[in-house]
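Computed from a predicted model, the values in this text were never measured in an experiment.
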Amino acid sequence: MGSPRFPSFALGCPLEASDPNSTPSLEAAALEYAGRGWHVFPCFEPVRAPSGALVCACPKGAECSQAGKHPRTRNGVKDATTDEAQIREWWQQWPFANVAIATGALSGVDVVDADAKADGVATLVRLEEERGELPDTVTARTSGGGCHVYFRHAGMVSKAGSLAPGIDTRGNGGYVIAPPSIHRTGERYAWLEGASPSEVPPAEAPQWVRDAAQAKRTRPTLAKGEAAVSMWQSPTGDGLTESQLWTRWHATSATEHAAAVKRMKQGQPLFPTGHHEGNLWAFLSYLRFKAPEASDATLLRLLAPSVTAMNCAKHDTAHVAERLRRINEDYGAALAESVLITAALRGTADSRPSTGAPPTLDAPSGADGWMAAPGYAIYDGQSLGIFKFTDKGNLSTIAAAPINITETGEDEHGTCYVTARWMYGHRERVETMPRAKVSGNEILELAGRGAPLTSSNSKKVQDFLQAQEQHSHASLPRVRIFTQSGWSHDMKSFVVGRQVIGEPGRVIMPGEAAFLDALEPRGSADEHLRLMLAVRDRSPFAEMAWAAGFAAPLLRLLGLRSMCLSIWGASGTGKSAVQATTTSVWGRPSGLKVSGDVSSAALQGELSRHRDLPTWIDDTQVTREGMTNLMAYIVGTETSGARATQTGELRTRKTWRSLAFISGEKPLLQIGGAAGAKNRTLEVCAQPLGDAGLATLTHQGLEKHHGHAGPAFIRALMEHYAGAERLDELRELHRKLAAQMVTETTEQARYAALLVLADLLARIHICGEADAHAQAAALEAGHAFCAAVLKESRETRTTADAAYDFIMSYVAANWAGFESPVPIKRPGMLMDDRDSSGRRVVAIFQTTMHDIAREGRFDTRQVMTELAAKGLVFKEEGHLTRKVSVAGKRVRAYCLVLDDEKAGAENVQRIHALPSQMGKVTS
């Protein structure tokens with residue numbers, strides 16, 4: 001943010017004055033910030049007094065010294081929220097209220113506030129020139145050309161002048177006024193062009209900003225009555241050689257000290273002109289603390305050439321010697337204090353409280369909240385870390401930063417989890433993971449996320465964590481762990497993305513951040529409902545599709561298996577729009593859709609992720625051959641097969657209970673499919689919407705407004721049907737509805753009744769309709785839907801005979817191709833073979849049979865297997881195909897007995913007149 005990029009800041013150019021009574025969309029801005037995860041609350045705004053002056057809208061009026069900046073709510077920043085309903089209520093009550101954003105961990109942002117009137121902007125520009133420019137980040141203009149610079153939360157303090165006079169920081173517990181709020185000068189806060197939250201994300205603050213704005217860690221305070229007596233004296237002789245001293249001083253991660261040591265060794269001036277005082281004290285302290293074995297005489301001798309080269313009268317050799325004497329005193333006092341602290345920690349190690357604060361000390365800043373274990377310490381009197389007591393009573397460093405296990409828990413499969421907390425720089429990091437990961441070699445993965453672990457200390461850290469967990473086991477919080485969406489094992493909780501409805505817990509779904517993000521509610525709940533109802537009321541098919549969004553969680557309550565809902569037909573009829581409506585009940589449709597070439601393993605993975613939620617599978621016509629009929633089987637199995645790993649163990653089975661909503665330009669079920677798949681599938685050929693314009697608006701609207709109805713539906717289920725008696729009533733209602741559904745099989749009736757029941761409950765609990773009206777409307781749509789399902793079922797008979805009839809019809813329709821001697825584009829050929837009844841045989845080439853199967857909607861292998869069992873297909877050494885000779889070439893073909901009646905009487909008579917050399921089977 002140097003002056004070339006933001007000249008207006010340096011010059012103090014004010015914003016354009018605005019009318020305080022104008023009505024920019026303050027509510028809309030607050031809702032937008034809340035949608036980004038920033039917690040907001042209203043503040044009093046300046047108003048125009050009769051005299052024409054701007055005064056605060058609070059009761060103090062002109063006497064208020066914080067006009068436009070203090071909260072309207074009772075608890076101020078503690079009331080900050082992202083709840084849309086609360087935000088709307090606030091700004092309906094106070095439509096002109098300024099918008100305040102809570103800073104710190106609550107919103108994930110820290111803010112640097114440069115005040116132009118106090119030369120804060122000019123100072124910020126100067127600091128950038130000296131220490132490095134600020135990165136491109138979210139920036140707002142304030143009054144008089146000042147600015148608010150937003151950064152990702154890094155633990156900054158909320159303090160005036162923390163960076164320099166006129167430059168404040170806002171972190172935990174603080175807040176800033178955000179655009180388009182009005183300032184008491186009449187100017188409006190505004191986002192800098194190209195630097196609004198919608199144009200650039202908050203960047204990470206530079207190190208020099210973070211260092212200056214961090215809470216300073218203080219030294220511990222000894223208990224009353226104790227005194228630290230220094231027994232240390234600067235040695236008269238050196239305990240290290242000169243070469244060893246230089247090696248120790250060079251070993252530092254502080255670039256400024258490393259550069260000074262290099263200049264000192266070369267006899268050059270230690271520091272740039274004008275920076276001697278502060279730098280010299282820090283550098284001498286570094287040399288002494290790094291090498292306490294060095295005598296003063298040796299230090300002064302090695303420093304002398306550089307001190308002389310500085311040529312500064314105020315910092316001659318005598319001045320350096322005096323500074324070193326005072327530093328020696330500080331070092332001795334610090335060492336004595338550390339000895340007392342170590343003794344206190346050692347004496348209480350076996351009974352250390354879980355808070356980690358030594359009972360004989362006032363709780364030292366930075367150590368509070370960290371837990372130790374018998375034989376270990378977290379604080380050595382100077383820094384935080386992990387330290388182990390040696391046999392001589394000293395502290396040996398294990399890790400340079402503290403790490404703890406703070407929670408334990410287990411998932412519904414009995415797998416144990418722990419939550420690890422550690423320090424990385426000035427920030428805390430937390431991660432929940434399987435306990436086996438912490439106990440095994442995989443713990444080194446945490447090193448990549450900032451944990452104080454290396455290959456050399458990982459085993460020691462594991463030993464400490466095990467001791468710390470066992471020692472603090474009784475006091476560690478127990479949390480429920482959820483690794484899958486949907487109902488918990490005891491049905492007291494329901495997981496939707498990162499949200500847990502019912503009894504709380506923690507959601508752990510590694511590697512699925514995009515899926516969890518898609519399940520976050522967004523936009524307006526009212527607008528979401530309006531969009532869904534506009535689709536629902538178009539047709540019975542659209543209504544049952546809408547109901548499918550609420551039916552998935554009912555599968556568990558009613559004891560039903562997974563099911564398929566399939567709507568197929570021509571493109572542009574609104575199939576995807578109704579599917580988007582179904583999925584929007586729980587989240588963003590585009591983020592939850594499964595499309596493209598879906599493999600069996602990929603489909604199983606998606607069904608597992610969408611457990612107790614609808615799974616949207618779109619565009620099945622592009623899946624590979626044979627996959628469409630397989631989908632119904634995969635959905636209905638509810639669990640994947642257990643596969644062996646390289647170690648001989650079995651992988652954990654994936655489980656699901658999902659309502660798979662599948663669409664395409666061709667049907668899902670095929671002739672020859674097993675009855676089980678058909679029983680679990682409700683399929684219709686329909687135009688559910690029939691309005692391309694409405695479909696487009698639906699897609700666009702649901703991407704902005706989604707995810708509200710599903711959680712509300714779960715809360716209603718928990719409230720009204722949580723008890724065993726009420727659950728029995730729900731199941732009885734489902735049985736009564738199933739008895740009224742007219743379908744081909746009883747199982748199909750149960751699934752049709754599931755959709756009707758979901759429609760009924762959603763109308764009552766989501767739309768607020770009366771029970772009688774909701775039941776009548778749901779039944780009407782259900783009956784119309786079942787009629788279409790019944791028609792579709794009769795057209796896809798699940799018998800091999802139907803497929804055989806279709807094949808014979810194809811032979812009759814293409815008879816000329818079968819009897820033609822020309823091999824080009826020939827579908828097959830007539831054979832001279834006969835079956836035991838004397839009927840002729842027709843050979844149908846493999847490619848032709850695949851085309852026939854695709855057109856006739858049947859699975860080739862399954863149908864041919866069943867026909868072979870009936871003696872209608874000739875097999876060759878167990879193969880369903882046989883080799884036939886065509887124009888001197890051998891090709892594979894399916895050889896079927898020719899049915900005289902089905903193939904056409906006239907055609908069969910012609911067969912008997914043909915010579916027997918038409919075709920010959922070869923081995």
E469 CD to T408 OG1 distance, which is reported to the nearest 0.5 Å: 6.5 Å
Any side-chain heavy-atom pair of T169 and D110 under 4.5 Å: no
Donor-acceptor under 3.5 Å (D411 side chain, H413 main chain): yes
Check: H39 ring centroid to Y175 ring centroid under 6.0 Å: no
Stepwise side chain to side chain contact (heavy atoms under 4.5 Å, CB included) test for M509 and R609: CA-CA 9 Å; M509 294 187 187; R609 288 203 307 175; over 6 Å; no
Main-chain N/O of A102 paired with S107 side-chain donor or acceptor, under 3.5 Å: yes
Parallel, tilted or perpendicular: ring planes of Y150 versus W38, cut at 30 and 60 degrees: parallel
S485 side-chain N/O to R611 backbone N/O, donor-acceptor pair under 3.5 Å: yes
Flag, side chain of Y286 to backbone of W249, donor-acceptor distance under 3.5 Å: yes
Short N-O contact, R152 and E204, less than 4.0 angstrom: yes
Atom pair CG (N172) and OG1 (T103), whose distance is rounded to the nearest 0.5 Å: 7.5 Å
Any donor-acceptor N/O pair, S493 side chain to E503 backbone, under 3.5 Å: yes
Short side-chain donor-acceptor distance under 3.5 Å, T454 and S456: yes
Minimal non-hydrogen separation, G161 against D168, with atom names: N-OD1, 2.7 Å
From CZ (F151) to OG1 (T139), nearest 0.5 Å: 7.5 Å
Considering all heavy atoms, the nearest G497-L519 contact: N-CD1, 3.3 Å
From Q468 atom CD to I378 atom CD1, the distance as rounded to the nearest 0.5 Å: 7.5 Å
Candidate pair V109 and H153, rule side chain to side chain contact (heavy atoms under 4.5 Å, CB included), full reasoning: CA-CA 4 Å; V109 292; H153 175 58; 5.9 Å; no
Separation between CH2 of W370 and CD1 of I403, rounded to the nearest 0.5 Å: 8.0 Å
Side-chain donor or acceptor of D296 paired with backbone N/O of A321 under 3.5 Å: no
For W422 against A451, the heavy-atom pair lying closest together: NE1-N, 3.3 Å
Inter-residue atom distance K437.NZ - C416.SG, 0.5 Å rounding: 16.0 Å
Any donor-acceptor pair under 3.5 Å from T247 side chain to S243 backbone: yes
Audit row: D517, R498, side chain to side chain contact (heavy atoms under 4.5 Å, CB included) steps and yes/no: CA-CA 8 Å; D517 290 341; R498 297 182 179 87; 2.7 Å; yes
Side-chain donor or acceptor of N457 paired with backbone N/O of A399 under 3.5 Å: no
Closest heavy-atom pair and its distance - P135, A203: CG-CB, 3.8 Å
Donor-acceptor under 3.5 Å (E128 side chain, L134 main chain): yes
T241/W246 under side chain to side chain contact (heavy atoms under 4.5 Å, CB included): CA gap, chis, key distance, verdict: CA-CA 9 Å; T241 65; W246 287 117; over 6 Å; no
Closest contact, heavy atoms only, I481 versus G409: CG1-C, 4.0 Å
Side chain R210, main chain A213, donor-acceptor under 3.5 Å: no
Worked check of salt bridge (charged side-chain N to carboxylate O under 4.0 Å, His left out) between R126 and E129: CA-CA 5 Å; R126 179 175 58 80; E129 294 173 350; over 6 Å; no
